[in-house]
Amino acid sequence: MVQQKFSQMVELLPDTDCEYRVMSLQALLPICQELKAAGYAFLADITAVDYLNEGYFRLLYQVCNYQNGDIIVLKVDVSRDEPLVESVCPVWAAANWLEREVYDMFGIVFKNHPRLERILMWEGFEGWPLRKDFVHQPTKYQGRRRLD
């Protein structure tokens with residue numbers, strides 16, 4: 001369904017039958033809206049992968065159709081220089097906290113998100129812990145202390 005309807009906007013990834021690369025950030029929201037209308041009512045997860053050497057993040061959206069049991073994974077690349085993508089909160093309410101988690105860990109900004117703020121780290125925390133270039137600052141942030 002995805003390949004036929006969005007042939008100019010997505011490509012099926014090799015060796016898969018349910019993973020699609022979204023060709024542009026502008027195509028992501030319309031594709032998500034169409035998927036929701038086609039019965040993909042559940043957004044199971046949003047996560048990201050940092051491709052530091054290549055200069056981009058890859059966002060992964062996993063959506064499910066409970067009527068037929070289908071699961072689709074959408075993958076879209078976001079520039080590290082301008083990590084900005086449209087929020088899918090208007091499509092799936094579950095995106096709210098999932099996008100906040102990705103923002104908190106990777107620094108990817110979701111435009112038009114209703115409340116984009118840190119969810120795991122505290123306000124004032126500097127940096128994005130899951131970026132590959134994140135520098136741990138043990139003298140600034142202390143975790144559990146050794147007891148020996």
Side-chain angles (χ1 to χ4, degrees), residues 1-2 6 9-13 16-147:
M1 176 212 123
V2 175
F6 302 108
M9 295 188 242
V10 299
E11 71 175 348
L12 182 63
L13 294 173
T16 75
D17 59 355
C18 66
E19 294 183 15
Y20 298 88
R21 180 173 165 256
V22 179
M23 306 301 257
S24 74
L25 289 173
Q26 294 75 25
L28 180 65
L29 190 60
I31 291 170
C32 290
Q33 290 166 335
E34 287 289 330
L35 285 172
K36 173 94 182 257
Y40 291 85
F42 180 63
L43 174 66
D45 197 17
I46 301 173
T47 192
V49 179
D50 184 358
Y51 289 91
L52 176 63
N53 294 335
E54 289 83 2
Y56 65 89
F57 299 105
R58 177 161 292 153
L59 283 168
L60 296 91
Y61 296 78
Q62 184 180 29
V63 296
C64 305
N65 183 328
Y66 286 136
Q67 296 167 354
N68 62 16
D70 273 354
I71 297 173
I72 289 178
V73 177
L74 300 175
K75 298 180 178 186
V76 62
D77 296 342
V78 181
S79 168
R80 283 182 61 90
D81 295 332
E82 190 178 345
L84 185 66
V85 64
E86 192 69 35
S87 173
V88 297
C89 282
V91 181
W92 296 290
N96 190 319
W97 283 34
L98 298 170
E99 289 178 351
R100 286 175 63 187
E101 181 181 358
V102 171
Y103 165 72
D104 199 4
M105 296 289 104
F106 290 92
I108 298 170
V109 176
F110 294 88
K111 291 189 300 188
N112 300 315
H113 188 282
R115 189 178 172 188
L116 192 62
E117 60 188 37
R118 287 196 181 270
I119 192 170
L120 298 172
M121 306 307 290
W122 58 93
E123 286 301 323
F125 183 88
E126 296 173 12
W128 316 106
L130 292 183
R131 286 189 177 195
K132 289 184 178 174
D133 58 355
F134 177 73
V135 178
H136 179 64
Q137 301 173 14
T139 58
K140 190 168 189 173
Y141 304 117
Q142 293 183 8
R144 295 171 50 179
R145 293 193 179 116
R146 290 178 52 149
L147 300 175

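Residues Ala41 and Lys36 come closest through the heavy atom pair CA-CD, 4.1 Å. For the pair Pro114 and Asn96, the tightest heavy-atom approach, listed with the atom from each and the gap, is CG-ND2, 3.7 Å. Across all their heavy atoms, Cys18 and Leu12 have their closest contact at N-CD1, 4.2 Å. The minimum heavy-atom distance linking Cys32 with Leu74 is given by the pair SG-CD1, 4.0 Å.
In this structure, Pro129 and Leu120 have side chains that are not in contact, with every pair of non-hydrogen atoms separated by 4.5 Å or more. Side-chain atoms of Tyr61 and Val76, non-hydrogen and from C-beta on, do get closer than 4.5 Å to each other. The side-chain heavy atoms of Leu13 and Val73, taken from C-beta on, include no pair separated by under 4.5 Å.
Lys75 NZ to Glu19 CD: the interatomic distance, rounded to the nearest 0.5 Å, is 4.0 Å. Remark: Arg100 CZ to Cys89 SG distance equals 10.0 Å, nearest 0.5 Å. Taken to the nearest 0.5 Å, the CH2 atom of Trp92 stands 8.0 Å off from the CD1 atom of Ile46. Asp104 contributes atom CG, which lies 4.5 Å from atom CZ of Arg118 (distance to the nearest 0.5 angstrom). Between the OH atom in Tyr103 and the CD atom in Glu117 there is a gap of 9.0 Å [rounded to 0.5 Å]. Here the CD1 atom belonging to Ile108 is positioned 4.5 Å from the CG atom belonging to Leu59, to the nearest 0.5 angstrom.
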Side chain to side chain contact (heavy atoms under 4.5 Å, CB included) between Tyr20 and Ile31, worked out:
CA-CA 11 Å; Tyr20 298 88; Ile31 291 170; over 6 Å; no
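Under the rule for a side-chain hydrogen bond (donor to acceptor under 3.5 Å, both in side chains), Lys111 has no partner lying at least two apart in sequence or in another chain. Residues satisfying the salt bridge (charged side-chain N to carboxylate O under 4.0 Å, His left out) test with Glu101, not counting sequence neighbours, are none. Not counting sequence neighbours, Asn53 has no partner by the side chain to side chain contact (heavy atoms under 4.5 Å, CB included) test. For Asp70, there are no salt bridge (charged side-chain N to carboxylate O under 4.0 Å, His left out) partners, not counting sequence neighbours.
The aromatic rings of Phe106 and Phe57 sit perpendicular, their planes meeting at an angle over 60°, well past the 30° parallel limit.
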Output side-chain donor-acceptor pairs under 3.5 Å for residues 21-29, partner residues at least two apart or in another chain, one line each.
unit_1: Arg21; atom_1: NH1; unit_2: Glu11; atom_2: OE2; d: 3.2
unit_1: Ser24; atom_1: OG; unit_2: Ala27; atom_2: N; d: 3.4

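The list of side chain to side chain donor-acceptor pair (under 3.5 Å) pairs with a residue in residues 80-89, not counting sequence neighbours, reads Asp50-Arg80, Arg80-Asp133, Glu86-Asn112, Ser87-Glu99.
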